[in-house]
Amino acid sequence: MPEGHTIHQLARDHRKLLVGRRLAVSSPQGRSAAGAAALTGGRLDDVEAFGKHLFYDWAAGDVLHVHLGLFGRFLLHRGPPPPPVGAIRLRLSAGDDDHPPVTLDLRGPTDCSVGTPDDRDAIVDRLGPDPLRRDADPERFIAAAGRTSRAIGALLLDQSMIAGLGNVYRAEVLFVCGIDPRRAGRDLSEAERRCLWTTAASMLRKGVRERRIVTVDPSELDGPLPREAARGEATYAYHRATCLRCGSPIERFELGNRNCYACPVCQR
DNA sequence: ATACCATGAACAG
DNA sequence: TGTTCCTGGTATC
């Protein structure tokens, strides 16, 4: 279930577990991880998240790129590496030093490949600012969104406009800002575009802290809290039949090749 | 047993 | 715009 918050959380975890250690690298099912095994024995220098992309920097200069796509996930094994089961695209193991042994198995990624720092730069150059990064420039998104006739609901999924949002955050950010997803970017006021950025940033940060997508502020609701809302797992509009705030039927339509959800009352 | 759907994105034309 | 690749859970027969 990876949107940007998951990727940044993974980078943080993997940094803590693996950076500075010499790793064994293998790809039991070969395929996408061409050349990964050649990294074996190298030391990992850093793990970087940018939008939905992960970059593993090896001391020798190689950069391993991982994109989870819709289905990818990492599984962590503590202790000696278990025998690989099923389609494991990449296995990273550390166990040759004083630290406890750990193994990370990667399954189902859209991309897992070894490249150079230039390859990494080429990927990053195609991405818009990532609200979870300190070096993000919000003005790039705010300006670019104001220049296009494309629907704002499509722009928020376009990783070259703003990096890290997926379908859940798209629906919920637009809801909180009270904006209809079908409005053209250039028809939004600057204040509205700024609201989208700051809302996205705070939602993503909360997602990293809580290790899950949390978009609902329980104190703001009129009616009684649904059980999911009390646990912080509810959404206002995403994948709902009725609006969590006002109870109106949620509209569902295709936008940016994905199902988009919006409240016709709360989002003008 | 089979179909479909999902928090993603590249590619062809 | 349509097709294709990933995987796993749920719905449908």
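Letters A, B, ... mirror the listed sequences (proteins, then strands); counts begin at 1.
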Output a table of nitrogen or oxygen pairs between the protein and nucleotides 10-13 of chain B separated by less than 3.5 Å.
none

Could you go through nucleotides 2-6 of chain B and list every protein N or O atom that sits under 3.5 Å from one of its N or O atoms, giving the distance for each pair?
| from | atom 1 | to | atom 2 | distance (Å) |
| --- | --- | --- | --- | --- |
| B:dA6 | OP1 | A:R252 | NH2 | 3.2 |
| B:dA6 | OP1 | A:N259 | ND2 | 2.9 |
| B:dA6 | O3' | A:Y238 | OH | 3.4 |

Measuring from [X]:[atom1] to [Y]:[atom2], what's the distance to the nearest 0.5 Å?
| X | Y | atom1 | atom2 | result |
| --- | --- | --- | --- | --- |
| A:I142 | A:M161 | CD1 | CE | 10.5 Å |
| A:L155 | A:D158 | CG | CG | 6.5 Å |
| A:T103 | A:I88 | OG1 | CD1 | 9.5 Å |
| A:L157 | A:N167 | CG | CG | 5.5 Å |

**Request:** Take atom P in B:dC5 and the same atom in C:dT3, then report the distance between them in whole Å.
**Result:** 15 Å
**Item:** Integer angstrom distance from the P of B:dA10 to that of C:dG8
**Value:** 22 Å
Using atom [atom1] of [X] as one end and atom [atom2] of [N] as the other, report the distance to the nearest whole Å.
| X | N | atom1 | atom2 | value |
| --- | --- | --- | --- | --- |
| A:M161 | B:dG8 | CE | C1' | 18 Å |
| A:I162 | B:dA9 | CD1 | P | 13 Å |
| A:R73 | C:dG8 | CZ | P | 5 Å |
| A:E210 | B:dT7 | CD | P | 22 Å |
| A:M203 | B:dT7 | CE | P | 16 Å |
| A:L255 | B:dG8 | CG | P | 14 Å |
| A:D105 | C:dT7 | CG | C1' | 15 Å |
| A:I123 | B:dG8 | CD1 | P | 18 Å |

**Request:** Report the residues that fulfil side chain to side chain donor-acceptor pair (under 3.5 Å) with A:D62, sequence neighbours left out, ordered by chain and then residue number.
**Result:** none
**Prompt:** Could you give all pairs that pass the salt bridge (charged side-chain N to carboxylate O under 4.0 Å, His left out) test and reach residues 116-130 of chain A, with sequence neighbours left out?
**Reply:** A:E48-A:R120
Going by the angle between their ring planes, with limits at 30° and 60°, are [X] and [Y] parallel, tilted or perpendicular?
| X | Y | answer |
| --- | --- | --- |
| A:Y56 | A:W58 | tilted |
| A:H65 | A:H53 | parallel |
| A:F175 | A:Y236 | parallel |

Ignoring hydrogens and angles, write down the donor-acceptor pairs under 3.5 Å from the side chains of residues 198-205 of chain A, residues two or more places apart or on other chains.
| from | atom 1 | to | atom 2 | distance (Å) |
| --- | --- | --- | --- | --- |
| A:T198 | OG1 | A:R194 | O | 3.2 |
| A:T198 | OG1 | A:C195 | O | 3.2 |
| A:T199 | OG1 | A:C195 | O | 2.7 |
| A:S202 | OG | A:T198 | O | 3.3 |
| A:S202 | OG | A:T199 | O | 3.2 |

**Asked** C:dT7, B:dA9, B:dT7: which one has an atom nearest the side-chain heavy atoms of A:I213?
**Response** B:dT7
**Message:** Taking 4.0 Å as the cut-off, does a side-chain nitrogen or oxygen of A:Q159 come that near to OP1 or OP2 on B:dG8?
**Reply:** no
**Request:** Using a heavy-atom cut-off of under 4.0 Å over every strand shown, decide if A:G108 touches base, sugar-phosphate, or nothing.
**Result:** sugar-phosphate
**Prompt:** Which atom pair, heavy atoms only, marks the closest approach of A:P117 to A:V63?
**Reply:** N-CG2, 3.8 Å
**Prompt:** Are any side-chain N or O atoms of A:T40 and backbone N or O atoms of A:V25, one a donor and one an acceptor, separated by less than 3.5 Å?
**Reply:** yes
**Request:** Using heavy atoms and a sub-4.0 Å distance, could you list which residues of residues 175-186 of chain A are near DNA chain B? By number, please.
**Result:** none
